[in-house]
Asker: 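The structure's right below; bear with me while I get my questions together.
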Protein chains: 2
Amino acid sequence: MDGEATGAVEASAPDRVARHLRARITEGRFPPGGHLSEGALGQALGVSRNTLREALRLLCHEGLVVHELHRGFSVRELTVDDVVDLYRSRRLLEGAAARQCAEAPPAARLAVVDAARLGDDEAARDDWEGVQTAIMRFHQAVAGLAGSRRLDESMRQILAELRLAFHALADPDRVLPPFVDRNRVVADLVLAGAGARAERELVAYLDEAERAVLTAFGRRGGTRPVGPTVGADAAG
Amino acid sequence: MDGEATGAVEASAPDRVARHLRARITEGRFPPGGHLSEGALGQALGVSRNTLREALRLLCHEGLVVHELHRGFSVRELTVDDVVDLYRSRRLLEGAAARQCAEAPPAARLAVVDAARLGDDEAARDDWEGVQTAIMRFHQAVAGLAGSRRLDESMRQILAELRLAFHALADPDRVLPPFVDRNRVVADLVLAGAGARAERELVAYLDEAERAVLTAFGRRGGTRPVGPTVGADAAG
DNA sequence: TGCCCCGGATTGTTCAACAATCCGGGCAGC
DNA sequence: GCTGCCCGGATTGTTGAACAATCCGGGGCA
């Protein structure tokens, strides 16, 4: 996704910090609802409070972090409404993109197929984290069928936010496989240029995924009252 | 949209500054390509350079402002590719939203009709700036049919960016009226719940609008080499 | 004319400070 | 013993100054 050489420099400090924190949050190291102390984090990352604030504000704008005046920043905790909203967005965005697949350039369609195949491979070797990533790649590729950088970006943000909910998901080996199979079906339809059918299949897929997340969510993470403050060991 | 009492306080300084600059940029006071000097702006707005930077970074993330390392911030200058990308996004987003209009709550549909009607009124009294705003409201309402806060936000961003191109548009009294009429047609279809036809009509509308912007763009603004630095009189 | 170098100006980042605000704990009163 | 108030420490919001790094324009040199 960010195709630069990424030698860690050649990007402003706030950008680097934001990237770092984004990774930590989406990988679940910083628990949703957890408070992000400026003092502790700044010291742990070796940047000034000002720089850290800029980074946090960015993440805030992306929806991964929440800011309350005079109370500081904390990792966003998705509500049920948020999940519903996110899946509504996905149905519209991915659905519409899939529908137009016949007009998409072949490279974009192949990207969809590749991602689906990758998911199969990872599932075959029981790498469930890899499967998660492949699924993300797949849906990003579906959105990519629309051929718009801005929609790609929107999709990226939606998936990043949604990842906050995925942490509540347990038993990946039981939950994920059906979705991988369905991805293959969608991918084949996309490759064939069957837009309408691809959309229908995809929307059904998303409905089911939404249901799965919502149930796992109600059981586990829905309204955790408060998370611990996250601080020191952030630099890892 | 931001329904607060907006007493100017009760929002952090960077947010206020960002709002201010956003308004200035979208209203065309800061010309696209113009350099945004931190020193001058900060002094003019009466905030520290740090605060100003946070605000600019926000606008950067929204796409209204561009940042080059060690060269600072400048108002974004849209390229032809940008315009194409923006309209591609709009066709997908608004089109898909319109298509589902039958499932949208009545209030959302009425908002579409109201906005279209408002555009008519403003046109009747030759208030072309008002017509512009009404058109924006109309398309925002169309996106609102999807019923997702996040998609609303995406739409808002797209329209804000696109406004950068509208400044190149001259002769509003000759260009705008046909679009106002078309809006009415779309609105009626939406109200009737005729999703498919509404989408077709809307996509045709957007195609034409894109063409209009692109021609006005090639004539006037496409590749202005450089804009003047904008500084002092920003507080107005 | 074309190239190089230099000095001023701007940017990137940090640090220290201060007011405003929030939070938890102790105290008085019932 | 419980409830409500108050206070002090801690955190946040914002500022101003400082310094290195980088860019830009202009003068000198070949």
Asker: Under 4.0 Å from any heavy atom of chain A: name the first and the last nucleotide of DNA chain C that qualifies, 5' to 3'.
Answerer: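 Listing 5' to 3', DNA chain C meets chain A from C/dT13 to C/dC23.
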
Asker: Out of A/L59, A/I25, A/L64, A/V66, which residue meets the side chain to side chain contact (heavy atoms under 4.5 Å, CB included) rule with A/V75?
Answerer: A/I25

Asker: Charged N to carboxylate O below 4.0 Å: is that the case for B/D15 and B/R22?
Answerer: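 Looking at B/R22 together with B/D15, the answer is no, because their closest N to O distance does not fall below 4.0 Å.
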
Asker: Show which side-chain atoms of residues 157-164 of chain A pair as donor or acceptor with protein atoms under 3.5 Å away, not counting sequence neighbours.
Answerer:
unit_1: A/E161; atom_1: OE1; unit_2: B/R150; atom_2: NE; d: 3.2
unit_1: A/E161; atom_1: OE2; unit_2: B/R150; atom_2: NE; d: 3.1
unit_1: A/E161; atom_1: OE2; unit_2: B/R150; atom_2: NH2; d: 2.5

Asker: Do A/R149 and B/D82 have side chains that get closer than 4.5 Å, going by heavy atoms?
Answerer: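 Yes, at least one pair of side-chain atoms sits under 4.5 Å.
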
Asker: Using a cut-off of 6.0 Å, state whether more than 12 heavy atoms not belonging to A/Q43 lie near its atom CD.
Answerer: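 12 or below, so no.
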
Asker: For A/R71 and for B/E38, locate the closest nucleotide of DNA chain C by heavy-atom distance; then report the residue assigned to the nucleotide nearer the 5' terminus.
Answerer: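 Closer to the 5' end of DNA chain C: B/E38.
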
Asker: Could you tell me, to 10°, how much the axis swings from one end of the helix from C/dT1-D/dA30 to C/dC30-D/dG1 to the other, five pairs per end?
Answerer: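 Answer for the end axes of this duplex: 0°.
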
Asker: Which residue pairs pass the ring-ring contact (aromatic ring centres under 6.0 Å, His included) test with at least one member in residues 127-151 of chain A, sequence neighbours excluded?
Answerer: A/H139-A/Y205

Asker: Are B/R156 and B/E153 close enough for a salt bridge, meaning some N to O gap below 4.0 Å?
Answerer: yes

Asker: Do the side chains of A/L21 and A/L45 get nearer than 4.5 Å, heavy atoms only?
Answerer: yes

Asker: Provide the full list of ring-ring contact (aromatic ring centres under 6.0 Å, His included) pairs with a residue in residues 37-61 of chain A, sequence neighbours left out, each pair given once.
Answerer: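 Listed once each, the pairs are A/H61-B/H61.
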
Asker: I want to check something: taking the side chain as every heavy atom from C-beta on, are A/L41 and A/V17 in contact at a cut-off of under 4.5 Å?
Answerer: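 Side chain of A/L41 against side chain of A/V17, heavy atoms only: no contact under 4.5 Å found.
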
Asker: Give me the residues of residues 48-56 of chain B where at least one heavy atom lies under 4.0 Å from an atom of DNA chain C, by number, or none.
Answerer: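 The answer is B/R49, B/N50, B/R53.
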
